[in-house]
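Throughout, numbering of the chain's residues begins at 1 and tracks the sequence. Here the structure is a predicted model, which means the values were calculated and not measured. Atoms within a ligand are numbered from 1 in the order they appear, just like the ligands themselves.
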Amino acid sequence: MNRKVITTTPYSGQKPGTSGLRKKVKVFQQPNYLENFVQAVFDSLESCQGQSLVIGGDGRYFNREAIQTIIKMAIANGFETLIVGQAGILSTPAASCVIRKYGAVGGLVLSASHNPGGPDEDFGIKFNRANGGPASETQTDSIHQTTETITRYFTIDAEPVDLDSVGEVSIGNALIKVIDPVTDYADLMEELFDFKIMKQLLSGSNFTFRFDAMHAVTGPYVQEIFINRLGAPKESVINAIPKEDFGGHHPDPNLVHAAELVKQVNEQGLDFGAASDGDGDRNMIIGNHFYVNPCDSLAVLAANAQKIPAYEDGLKGVARSMPTSRAVDRVAEKLGINCYETPTGWKFFGNLMDDGRISFCGEESFGTSSDHVREKDGLWAVLCWINILAATGQSVSDLVKDHWSLFGRDLFTRHDYESIDSDSAANMMQQLTASLDSLAGETFDGVTLTLADQFSYSDPVDGSVSHNQGVRMLFDNGGRIVVRLSGTGTAGATLRVYLDQFTQDESITDTQAALKPLIELANQLIGIKQFTGRTEPDVIT
Ligand code: VG1
Ligand code: CO
């Protein structure tokens with residue numbers, strides 16, 4: 001097989017964000033754009049010779065073309081085994097599972113996650129390392145540097161691989177294995193959970209459940225796990241056929257974008273509803289007329305973990321991203337285990353899990369998972385809930401309310417301002433950061449700002465330090481404001497304002513109204529209107 005060396009010139013801006021490189025499809029379709037990035041990833045590895053690489057994506061527009069390009073480049077770079085999901089499908093957690101199970105040196109996951117798909121929408125690519133988790137910041141920095149100076153990439157001439165048939169094909173010295181993308185992952189889930197009691201619950205007549213796959217990657221996974229293995233009725237899963245454009249919707253599991261699910265659960269009086277995102281790593285949990293905030297979900301799962309077979313000996317520790325509410329911290333305290341606070345992005349949890357420091361971790365952005373893989377895992381979280389509901393016989397709302405009465409409650413909301421001017425956003429963050437020292441100690445309407453800083457994280461395992469991970473403002477009444485700019489958007493800047501407030505009041509149903517004083521204070525301290533001209537957020541979660 002003749003390796004071809006293709007001359008290329010760099011593109012600026014190939015800098016991976018919170019989770020991989022995300023750009024409009026049209027940007028990825030420029031000559032050599034994808035190739036430059038993939039070659040930079042391969043160049044960042046010690047060696048590709050003789051190694052295995054996992055390749056798959058969320059099925060969005062451009063997924064198949066990208067996979068064919070990557071297969072030829074991987075062979076030219078010396079990989080010996082390529083493990084590819086059938087039809088180009090691999091959810092993010094399944095890719096993590098497969099990388100670990102087959103000892104691959106890493107994997108390329110093609111996804112822009114919850115961002116919309118289609119010719120005019122978004123595409124993305126991320127590299128996961130041998131532990132199955134996202135590349136570290138050091139690695140993504142080195143990949144970015146390589147893209148700035150790249151002059152050549154390697155590929156071969158070969159016919160496209162048939163991605164739709166499971167089986168093996170050799171090209172040159174490489175073996176390409178097209179695998180069923182579901183089986184390894186479904187088997188792992190069956191090892192972790194008590195499928196027996198879960199099957200009784202889901203196939204029985206006393207419990208009704210709906211899962212919205214949002215025409216994204218989880219469709220085939222839920223068909224196998226919920227319908228085939230757990231005996232749930234067929235109508236339990238909706239939008240289960242993956243589509244290149246996700247049916248024209250945002251595959252983002254929140255109350256706004258999963259409105260159809262919320263309507264069905266509430267109108268039909270169902271007991272439990274859940275949804276996942278484009279690449280299957282996020283989850284939203286709802287009960288009948290009851291929304292479970294992701295921060296609470298992490299805390300409730302941690303408190304009840306021992307009801308699940310895989311975690312019956314207890315948790316080693318837990319971690320949450322900084323903007324996630326502190327609900328899980330109090331669970332950790334009660335359990336006598338460590339709780340780590342990391343920057344936003346799953347890559348920061350990997351070292352803690354590899355080092356045996358934590359079992360569960362989560363983010364407010366609908367991400368929860370454990371050390372069974374090194375990614376967030378939407379279906380795992382849904383299965384945790386079903387296992388716990390089956391073990392306790394409780395409803396979703398009773399379980400959460402019991403939790404609040406035992407541990408107290410954290411009201412939480414996130415306000416997103418999308419597509420704002422990048423320069424204004426940068427300027428706003430700069431001014432806010434500069435004002436922190438003088439703000440600390442000030443009192444606003446009887447509430448004192450006790451701590452105001454730019455969050456820095458020192459990784460306790462490898463000692464690396466990540467600066468400027470978001471502004472934190474903590475108040476003496478248990479309130480907190482967190483402000484940062486998104487690292488996953490593809491147009492302008494997105495401002496995220498996170499607000500949380502400790503309370504003992506279990507009866508509050510309108511979080512926005514309850515948080516109003518904190519929201520108004522945040523708007524004033526950040527100067528949102530002054531810098532962006534906006535008066536209302538685009539999305540509230
Ligand atoms: C967002 C979330 C973050 C999450 C990331 C990737 O990042 O806030 O918590 O890890 O998306 O999730 P940002 O930088 O836009 O705030 V996924 O499911 O989109 O890969
Ligand atoms: Co995702």
Side-chain angles (χ1 to χ4, degrees), residues 15-22 56-60 90-96 109-117 122-128 133-135 137 140 213-214 216-218 221 246 250-254 257-258 275-284 294-295 298 319-325 341-350 361-369 373-381 412-420 425 429 455 466 468-471 482-498 538-539 541:
K15 186 174 167 47
T18 314
S19 177
L21 182 70
R22 289 186 197 177
D58 63 10
R60 70 176 59 225
L90 268 177
S91 76
T92 288
S96 186
V109 183
L110 307 164
S111 172
S113 189
H114 55 289
N115 298 16
D122 293 352
F123 191 73
I125 177 165
K126 52 186 173 177
F127 179 70
N128 281 29
E137 265 202 331
T140 53
M214 306 190 90
V217 79
T218 50
Y221 294 85
F246 309 117
H250 284 243
D252 195 354
N254 59 42
H257 294 301
S276 192
D277 71 331
D279 59 332
D281 56 359
R282 296 185 175 207
N283 72 92
M284 177 176 74
C295 310
L298 173 63
R320 62 164 172 83
S321 68
M322 184 273 280
T324 305
S325 90
E341 184 178 40
T342 59
T344 293
W346 211 261
K347 55 178 164 257
F348 296 100
F349 295 130
C361 49
E363 297 190 281
E364 50 64 42
S365 55
F366 300 85
T368 340
S369 194
V373 287
R374 292 292 181 275
E375 277 285 2
K376 57 183 185 256
D377 188 343
L379 286 182
W380 173 89
F412 178 89
T413 189
R414 186 177 101 183
H415 287 195
D416 292 339
Y417 298 79
E418 295 176 344
S419 301
I420 56 178
M429 288 305 290
F455 181 60
S466 305
N468 293 325
Q469 298 297 321
V471 167
V482 171
V483 190
R484 59 181 283 280
L485 297 180
S486 155
T488 56
T490 57
T494 294
L495 167 69
R496 302 206 195 285
V497 184
Y498 311 79
D538 298 287
V539 181
T541 44

Novice: Please list the nearest protein heavy atom to atom 9 (O) of ligand 1 with its residue and the distance rounded to 0.1 Å.
Specialist: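 Closest protein heavy atom to atom 9 (O) of ligand 1: Ser365 OG, 2.6 Å.
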Novice: What are the atoms of ligand 1, with element, lying closer than 4.0 Å to any heavy atom of Gly487?
Specialist: 13 (P), 14 (O), 15 (O)
Novice: So which of Arg484, Arg22, Glu375, Arg496 gets nearest to atom 20 (O) of ligand 1, if we judge by its closest heavy atom?
Specialist: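 It is Arg22 whose heavy atom sits nearest to atom 20 (O) of ligand 1.
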Novice: Heavy-atom pairs closer than 4.0 Å: do any link ligand 1 to the side chain of Ser486, the backbone, both, or neither?
Specialist: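 The answer is both, backbone and side chain.
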Novice: So if I apply the side chain to side chain donor-acceptor pair (under 3.5 Å) rule between Arg496 and each of Thr541, Asp416, Thr344, which one comes out positive?
Specialist: Asp416
Novice: If you count the atoms of ligand 1 from 1 in the order shown, which ones are under 4.0 Å from a heavy atom of Thr344?
Specialist: 3 (C), 8 (O), 9 (O)
Novice: Mark the output for Gly345 as yes if a heavy-atom distance to ligand 1 is under 4.0 Å, and as no if none is.
Specialist: yes
Novice: Can you find an N or O of Tyr498 that's nearer than 3.5 Å to an N or O of ligand 1?
Specialist: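 Such a contact does not occur with ligand 1.
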Novice: Just by modelled atom types, is the Ser91 backbone N or O under 3.5 Å from a matching donor or acceptor in the Tyr221 side chain?
Specialist: yes
Novice: Can you tell me if Arg414 has a non-hydrogen atom under 4.0 Å from ligand 1?
Specialist: yes
Novice: With a 3.5 Å distance limit and no angle check, can you tell me whether Ser419 reaches the backbone of Gly492 through a side-chain donor-acceptor pair?
Specialist: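 Between the backbone of Gly492 and the side chain of Ser419 there is no qualifying donor-acceptor contact (under 3.5 Å).
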Novice: Between the side chain of Ser96 and the main-chain N/O of Arg374, is any donor-acceptor distance below 3.5 Å?
Specialist: yes
Novice: For atom 7 (O) of ligand 1, what is the closest protein heavy atom, and at what distance to 0.1 Å?
Specialist: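 Answer, as residue, atom name and distance: Thr488 CG2, 3.5 Å.
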Novice: Using atom types as modelled and distance alone, determine if a side-chain donor or acceptor of Arg60 lies under 3.5 Å from a backbone N or O of Pro116.
Specialist: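 Flag set: sc Arg60 to bb Pro116 pair under 3.5 Å.
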Novice: Parallel under 30°, tilted from 30 to 60°, perpendicular over 60°: which one fits the rings of Phe412 and Tyr498?
Specialist: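 If you compare the ring of Phe412 with that of Tyr498, the planes turn out tilted.
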Novice: Which option, Glu363, His114, Arg282, owns the non-hydrogen atom nearest atom 1 (C) of ligand 1?
Specialist: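 Nearest option to atom 1 (C) of ligand 1, by heavy atoms: Arg282.
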Novice: Could you check whether any side-chain N or O of Ser321 sits under 3.5 Å from a backbone N or O of Pro343, counting only pairs where one atom can act as donor and the other as acceptor?
Specialist: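 Here the side-chain-to-backbone pair does not exist.
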Novice: Please evaluate residues Val483 and Leu495 with respect to the criterion side chain to side chain contact (heavy atoms under 4.5 Å, CB included), reporting the C-alpha separation (whole Å), side-chain torsions for both, the decisive distance (0.1 Å), and the verdict.
Specialist: CA-CA 7 Å; Val483 190; Leu495 167 69; 3.6 Å; yes
Novice: Looking only at protein heavy atoms, which one is nearest to atom 6 (C) of ligand 1, and how far off is it?
Specialist: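 Ranked first by proximity to atom 6 (C) of ligand 1 is Lys376 NZ, 3.5 Å.
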Novice: How far is atom 14 (O) of ligand 1 from its nearest protein heavy atom, and which residue and atom name does that atom have?
Specialist: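 Ranked first by proximity to atom 14 (O) of ligand 1 is Thr18 OG1, 2.4 Å.
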Novice: Tell me which protein heavy atom sits closest to atom 19 (O) of ligand 1, plus the residue, atom name and distance to 0.1 Å.
Specialist: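 Answer for atom 19 (O) of ligand 1: Ser113 OG, 2.6 Å.
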Novice: Donor-acceptor check, side chain of Thr324 to backbone of Glu364, threshold 3.5 angstrom: yes or no?
Specialist: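 Yes, because the side chain of Thr324 sits within donor-acceptor range (under 3.5 Å) of the backbone of Glu364.
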Novice: Please list, in chain and residue-number order, the protein N/O/S atoms closer than 2.8 Å to the Co ion (ligand 2).
Specialist: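 Sorted hits: Ser113 OG, Asp277 OD2, Asp279 OD1, Asp281 OD1.
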Novice: side-chain contact (heavy atoms from CB on, under 4.5 Å) with Asp279: which of Thr218, Thr92, Leu110?
Specialist: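 For Asp279, the side-chain contact (heavy atoms from CB on, under 4.5 Å) check succeeds only for Thr92.
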Novice: Checking the side chain of Glu363 only, and the main-chain atoms of Gly345 only, is there a donor and an acceptor separated by less than 3.5 Å?
Specialist: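 Yes.
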Novice: Which ligand 1 atoms, with their elements, are less than 4.0 angstrom from a heavy-atom of Ser19?
Specialist: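 Selected atoms, number and element: 6 (C), 20 (O).
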Novice: Can an N or O of Leu485 be found at a distance shorter than 3.5 Å from an N or O of ligand 1?
Specialist: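 Not met; the criterion fails.
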Novice: Let me confirm one number: the CG-CZ distance from Leu379 to Arg282, rounded to the nearest 0.5 Å.
Specialist: 15.0 Å
Novice: Less than 4.0 Å between a side-chain N and a carboxylate O, is that true for Asp277 and Lys376?
Specialist: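 Salt bridge between Lys376 and Asp277, a charged N being under 4.0 Å from a carboxylate O: no.
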Novice: Output yes when Arg320 and Glu341 qualify as a salt bridge under the 4.0 Å nitrogen-oxygen rule, no when they do not.
Specialist: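 Yes, this pair counts.
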Novice: Side chain, backbone, both or neither: which applies to Asp277 and ligand 1 if a contact is any heavy-atom pair less than 4.0 Å apart?
Specialist: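 Near ligand 1, Asp277 shows its side chain, while the N, CA, C and O stay back.
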